[in-house]
Undergrad: 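Okay, handing you the structure first.
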Amino acid sequence: QVQLLESGGGSVQSGGSLRLSCSVSGSRVRDYCMAWFRQAPGNERERVATVDRSGSTTYADSVKGRFTISQDNTEATLYLQMNRLSPGDTAMYYCAARYLGGCQLAGWEQYTAWGQGTQVTVDS
């Protein structure tokens, strides 16, 4: 089992950048794929980016080319680098882990662990 804790959220002007971090702890962390989700009030939770155990990544069309998901070499921290932010990116951002694989296709309810979320607000 793993435990997740997000940080790095805040307010930023449109066109700016922000980097989110997710502290990962527990055992057998390399047996999990990882993802970032986001959810704005009244909206469904959206899968933003994933990274599998081999390091392969996927992105939602809405963030492709602007966001980058990565991990440090110990996998103790998951990152989401967000560039060219717009008001449409305003949401609560969550990191999530799923045992073994399948992060690209799994819905949020199929993930094993969640962080508490960190708020990102992009000013127009």
Side-chain angles (χ1 to χ4, degrees):
Q1 184 60 265
V2 297
Q3 296 79 45
L4 310 174
L5 181 62
E6 302 96 334
S7 62
S11 297
V12 64
Q13 292 184 346
S14 182
S17 297
L18 200 63
R19 188 175 76 163
L20 306 182
S21 298
C22 175
S23 176
V24 184
S25 61
S27 61
R28 304 180 67 182
V29 296
R30 297 192 64 172
D31 288 344
Y32 294 78
C33 60
M34 303 291 298
W36 286 96
F37 284 75
R38 67 185 182 185
Q39 187 170 24
N43 292 345
E44 295 292 324
R45 191 166 296 187
E46 175 188 21
R47 189 193 307 108
V48 174
T50 68
V51 57
D52 68 16
R53 294 178 294 162
S54 71
S56 297
T57 59
T58 67
Y59 297 92
D61 288 342
S62 59
V63 307
K64 192 175 299 182
R66 299 189 298 120
F67 289 11
T68 303
I69 187 171
S70 62
Q71 293 176 285
D72 64 16
N73 56 18
T74 67
E75 299 189 351
T77 308
L78 179 73
Y79 300 99
L80 184 67
Q81 178 66 46
M82 305 184 293
N83 298 325
R84 293 185 284 122
L85 287 162
S86 68
D89 297 314
T90 294
M92 185 73 74
Y93 283 72
Y94 302 88
C95 62
R98 188 173 190 269
Y99 188 58
L100 296 181
C103 280
Q104 180 181 356
L105 298 178
W108 64 268
E109 72 280 2
Q110 297 177 286
Y111 280 75
T112 306
W114 290 90
Q116 87 290 348
T118 185
Q119 178 68 39
V120 172
T121 301
V122 184
D123 299 322
S124 61

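Residue numbers run from 1 in the order of the sequence given.
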Undergrad: Applying salt bridge (Lys or Arg N to Asp or Glu O under 4.0 Å), can you list everything that pairs with Asp31, at least two apart in sequence or on another chain?
TA: Arg28
Undergrad: With sequence neighbours left out, write down each residue that passes side chain to side chain donor-acceptor pair (under 3.5 Å) with Asp61, or none if nothing qualifies.
TA: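 Here the qualifying residues are Lys64.
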Undergrad: Using a 3.5 Å distance criterion without hydrogens, assess whether the side chain of Glu6 forms a donor-acceptor pair with backbone atoms of Gln116.
TA: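 Checked: pair present.
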Undergrad: Identify, with sequence neighbours excluded, every residue that meets ring-ring contact (aromatic ring centres under 6.0 Å, His included) alongside Tyr32.
TA: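 If we apply the ring-ring contact (aromatic ring centres under 6.0 Å, His included) test to Tyr32, skipping adjacent residues, the hits are Tyr99.
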Undergrad: If a pair satisfies disulfide (SG to SG under 2.5 Å) and one of its residues is in residues 29-80, list it, with sequence neighbours excluded.
TA: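 Applying disulfide (SG to SG under 2.5 Å) to every pair that reaches into residues 29-80, excluding sequence neighbours, yields Cys33-Cys103.
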Undergrad: The criterion is side-chain contact (heavy atoms from CB on, under 4.5 Å); which residues satisfy it with Ser124, sequence neighbours excluded?
TA: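 In terms of side-chain contact (heavy atoms from CB on, under 4.5 Å), with neighbours along the sequence ignored, Ser124 is linked to Pro87.
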Undergrad: Of all residues at least two apart in sequence or in a different chain, which pass the side-chain contact (heavy atoms from CB on, under 4.5 Å) check with Val51?
TA: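 Val51 satisfies side-chain contact (heavy atoms from CB on, under 4.5 Å) with Met34, Thr57, Ile69, Gln71, Leu78 once adjacent residues are dropped.
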Undergrad: Once side chain to side chain donor-acceptor pair (under 3.5 Å) is applied, do any residues pair with Ser56, and if so which ones, sequence neighbours excluded?
TA: Ser54
Undergrad: Tell me, please, which residues at least two apart from Ser17 pass side-chain contact (heavy atoms from CB on, under 4.5 Å).
TA: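 If we apply the side-chain contact (heavy atoms from CB on, under 4.5 Å) test to Ser17, skipping adjacent residues, the hits are Gln81, Asn83.
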Undergrad: Got a sec, which residues hit side chain to side chain donor-acceptor pair (under 3.5 Å) with Ser7, two or more places apart in sequence or on another chain?
TA: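 If we apply the side chain to side chain donor-acceptor pair (under 3.5 Å) test to Ser7, skipping adjacent residues, there are no hits.
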Undergrad: How would you list, by chain and number, every residue that makes a salt bridge (Lys or Arg N to Asp or Glu O under 4.0 Å) with Asp89, sequence neighbours excluded?
TA: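 Testing Asp89 for salt bridge (Lys or Arg N to Asp or Glu O under 4.0 Å), a comparison that skips the adjacent residues, returns Arg38, Arg66.
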Undergrad: For Tyr79 versus Trp36, what's the shortest heavy-atom pair and its separation?
TA: O-NE1, 3.2 Å
Undergrad: Can you name the side-chain contact (heavy atoms from CB on, under 4.5 Å) partners of Ser25, sequence neighbours left out?
TA: Gln3
Undergrad: Go through the structure and list residues passing side chain to side chain donor-acceptor pair (under 3.5 Å) with Gln39, not counting sequence neighbours.
TA: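 Once residues adjacent in sequence are excluded, the partners of Gln39 under the side chain to side chain donor-acceptor pair (under 3.5 Å) criterion are Arg45.
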Undergrad: Has the side chain of Arg53 got a donor or acceptor atom that lies under 3.5 Å from a matching backbone atom of Leu100?
TA: yes
Undergrad: A quick test of your reading: do over 12 heavy atoms of other residues, nucleotides or ligands sit less than 6.0 Å from CH2 of Trp108?
TA: no
Undergrad: Is the backbone N or O of Gly8 less than 3.5 Å from a side-chain atom of Arg19, with the two atoms forming a donor-acceptor pair by type?
TA: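 A pair under 3.5 Å: no.
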